[in-house]
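Convention: sequence-line order gives letters A, B, ...; per-chain numbering from 1.
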Protein chains: 2
Amino acid sequence: MVAYTLSDDEVDRIFKALADRTRRDIVRRTLIAEASISELAKEYEMSFAAVQKHVAVLEAADLVARTPRGRERIILGNPDAIRRAQQLLGQYETIWRGRIDRLDALLSEDK
Amino acid sequence: MVAYTLSDDEVDRIFKALADRTRRDIVRRTLIAEASISELAKEYEMSFAAVQKHVAVLEAADLVARTPRGRERIILGNPDAIRRAQQLLGQYETIWRGRIDRLDALLSEDK
DNA sequence: AGTATATGCAACCATTTGGTTTCATGTTAA
DNA sequence: TTAACATGAAACCAAATGGTTGCATATACT
């Protein structure tokens, strides 16, 4: 179990990238199967350029990878970045459990 | 294991709220122990009003709860919302595993 | 060679975000 | 009953966000 340490900037980028439904859907789709940007663009009611920008945001957060294939750019979802975000949220659970433990101790002292 | 269904709007709010380091720190602090808004404000190099706004964003995402106590408002982190976000990211893992399974099937057919 | 397709990129625009200051109101304490 | 403290809320501002259109370039097809 490797402890990934993400910088504040990286965490900002990951959550900011996930805070948009179109981008979450692109992640979902490209975790299922690779797709070119124009294939993705067909799925949404917005311009190609808009989808292109969303992909750029996801790539900056390392949530997807972009690989050239001929004239296309193949987008593939990256499960590792998502796992790291999940682990991060898991740390909050640990922090919270600390509070509960301290409350329990408080309640049981001089019983 | 209850399957929480969050609307796109709710998910947007949760991830947007988590996409700021000050807000993540407020969540962390208030998961450890409750704090008033002015107690929180002392911790950051920004105005009281700015911290107040951050708390409002977190409350809208249900990541913290705000309870009046005298003239103060006591802020307490809500581990449930974070757990739901974590579960949501877990679904992407499941989706991704589907891709891997299909790739395995592809590789093993007409072997 | 010429045309169609896929992408990149810049300029532009409206809205949102993250901060500020100021003022009003409610609560506590002397 | 004042004074101090905690909060709420409005107006304002600069920068970021999420979209657009237009144009340039690279690749593929006939």
Side-chain angles (χ1 to χ4, degrees), chain A residues 7-30 33-77 85, chain B residues 7-30 33-77 85:
Chain A
S7 71
D8 281 345
D9 281 342
E10 288 171 314
V11 179
D12 281 1
R13 274 194 293 272
I14 290 174
F15 284 129
K16 221 163 265 180
L18 289 173
D20 179 282
R21 64 200 66 184
T22 302
R23 286 197 292 262
R24 285 194 300 275
D25 196 66
I26 292 174
V27 169
R28 189 185 59 77
R29 285 197 133 89
T30 58
E34 59 175 36
S36 71
I37 302 182
S38 30
E39 281 168 347
L40 289 172
K42 281 175 208 143
E43 304 292 335
Y44 309 102
E45 292 197 335
M46 65 184 72
S47 68
F48 173 85
V51 174
Q52 209 177 11
K53 279 194 188 182
H54 282 308
V55 169
V57 170
L58 289 170
E59 198 196 6
D62 201 33
L63 284 163
V64 305
R66 188 153 103 276
T67 314
R69 179 181 303 165
R71 64 181 155 181
E72 295 178 322
R73 297 297 179 272
I74 300 302
I75 310 302
L76 196 53
Chain B
S7 71
D8 281 346
D9 280 342
E10 289 172 313
V11 179
D12 281 1
R13 275 194 292 272
I14 291 174
F15 284 129
K16 220 165 265 180
L18 289 172
D20 178 282
R21 64 199 67 186
T22 302
R23 287 198 291 262
R24 286 194 300 274
D25 196 66
I26 291 174
V27 169
R28 188 186 60 76
R29 286 195 133 90
T30 59
E34 57 176 38
S36 71
I37 303 181
S38 30
E39 281 169 348
L40 289 171
K42 283 175 205 139
E43 304 293 336
Y44 309 102
E45 292 198 334
M46 65 184 72
S47 69
F48 172 84
V51 174
Q52 211 176 9
K53 280 195 189 180
H54 281 309
V55 169
V57 170
L58 289 170
E59 198 197 5
D62 202 33
L63 284 162
V64 304
R66 187 153 103 275
T67 313
R69 180 182 302 166
R71 65 181 154 183
E72 295 179 322
R73 299 297 178 272
I74 301 302
I75 311 302
L76 196 53

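- The only option from Leu58(A), Val55(A), Val51(A) that meets the side-chain contact (heavy atoms from CB on, under 4.5 Å) definition with Ile75(A) turns out to be Val55(A).
- Nearest nucleotide to the side chain of Met46(A), out of dG19(D), dA6(D), dT7(C): dG19(D).
- Contact check for Asp8(B) versus Arg24(A): side-chain heavy atoms found under the 4.5 Å cut-off.
- Comparing dA6(C), dT27(C), dG8(D) against the side chain of Arg66(B) picks out dG8(D) as the nearest.
- The side chain of Ala49(A) lies closest to dT20(D), out of dT20(D), dT7(D), dA6(C).
- Rounded to whole angstrom, the span from the NE2 atom of His54(B) across to the C1' atom of dT17(C) amounts to 9 Å.
- Of the candidate nucleotides dG18(D), dT7(D), dA6(C), dT7(D) has the atom lying nearest to any side-chain atom of Ser36(B).
- Within the structure, a side-chain polar atom (N or O) of Gln52(B) is placed less than 4.0 Å from OP1 or OP2 of dG8(D).
- Side-chain proximity of Arg73(B) to the nucleotides dG8(C), dT7(D), dT5(C) is greatest for dT7(D).
- With hydrogens and angles ignored, a donor-acceptor pair under 3.5 angstrom links the side chain of Arg71(A) to the base of dT5(C).
- Between Ser47(A) and dT21(D) there is no side-chain N or O to OP1 or OP2 distance below 4.0 Å.
- Per the geometry, NZ belonging to Lys53(B) stands 8 Å off C1' belonging to dT20(C), to the nearest Å.
- Among the nucleotides dT21(D), dG8(C), dT5(C), the one closest to any side-chain atom of Phe48(A) is dG8(C).
- As rounded to whole Å, 15 Å separates atom C1' of dG19(D) from atom CZ of Arg21(A).
- Between the side chain of Arg66(B) and the main chain of Ala56(B), no donor-acceptor pair closer than 3.5 Å is present.
- In this structure, the nucleotide among dT7(C), dA6(D), dT20(D) sitting nearest to the side chain of Glu72(B) is dA6(D).
- In this structure, of dT7(C), dT20(D), dG18(C), it is dG18(C) that holds the atom nearest to the side chain of Asp20(B).
- Salt bridge present: Arg69(A) and Glu34(A) bring a charged side-chain N and a carboxylate O closer than 4.0 Å.
- The nearest whole Å value for the distance from the CG atom in Asp9(B) to the C1' atom in dT16(C) is 15 Å.
- In this structure, Arg23(B) reaches the dG18(C) phosphate: one of its side-chain N or O atoms is under 4.0 Å from OP1 or OP2.
- Heavy-atom distances to DNA chain D give each of Gly70(A) and Val57(A) a nearest nucleotide, and the one nearer the 5′ end belongs to Val57(A).
- Taking atom CG of residue Leu40(B) and atom C1' of nucleotide dT7(D), one finds them 13 Å apart after rounding to whole Å.
- Between the C1' atom of dT5(C) and the CZ atom of Arg69(A) lies a distance of 16 Å, rounded to the nearest Å.
- Asp25(B) pairs in a side chain to side chain donor-acceptor pair (under 3.5 Å) with only one of the listed residues (Arg23(B), Arg21(B), Arg29(B)), which is Arg29(B).
- Here dG18(D) presents its P atom at 15 Å from CG of Asp25(A), a figure rounded to the nearest Å.
- Heavy-atom minimum distance, Thr22(A) versus His54(A): CG2-CD2, 3.9 Å.
- Per the geometry, CD belonging to Glu45(B) stands 16 Å off C1' belonging to dG18(C), to the nearest Å.
- Residue Arg13(A) places none of its side-chain N or O atoms closer than 4.0 Å to OP1 or OP2 of dT17(D).
- Using a 4.0 Å heavy-atom distance criterion, Lys16(B) is classed as a sugar-phosphate-only contact.
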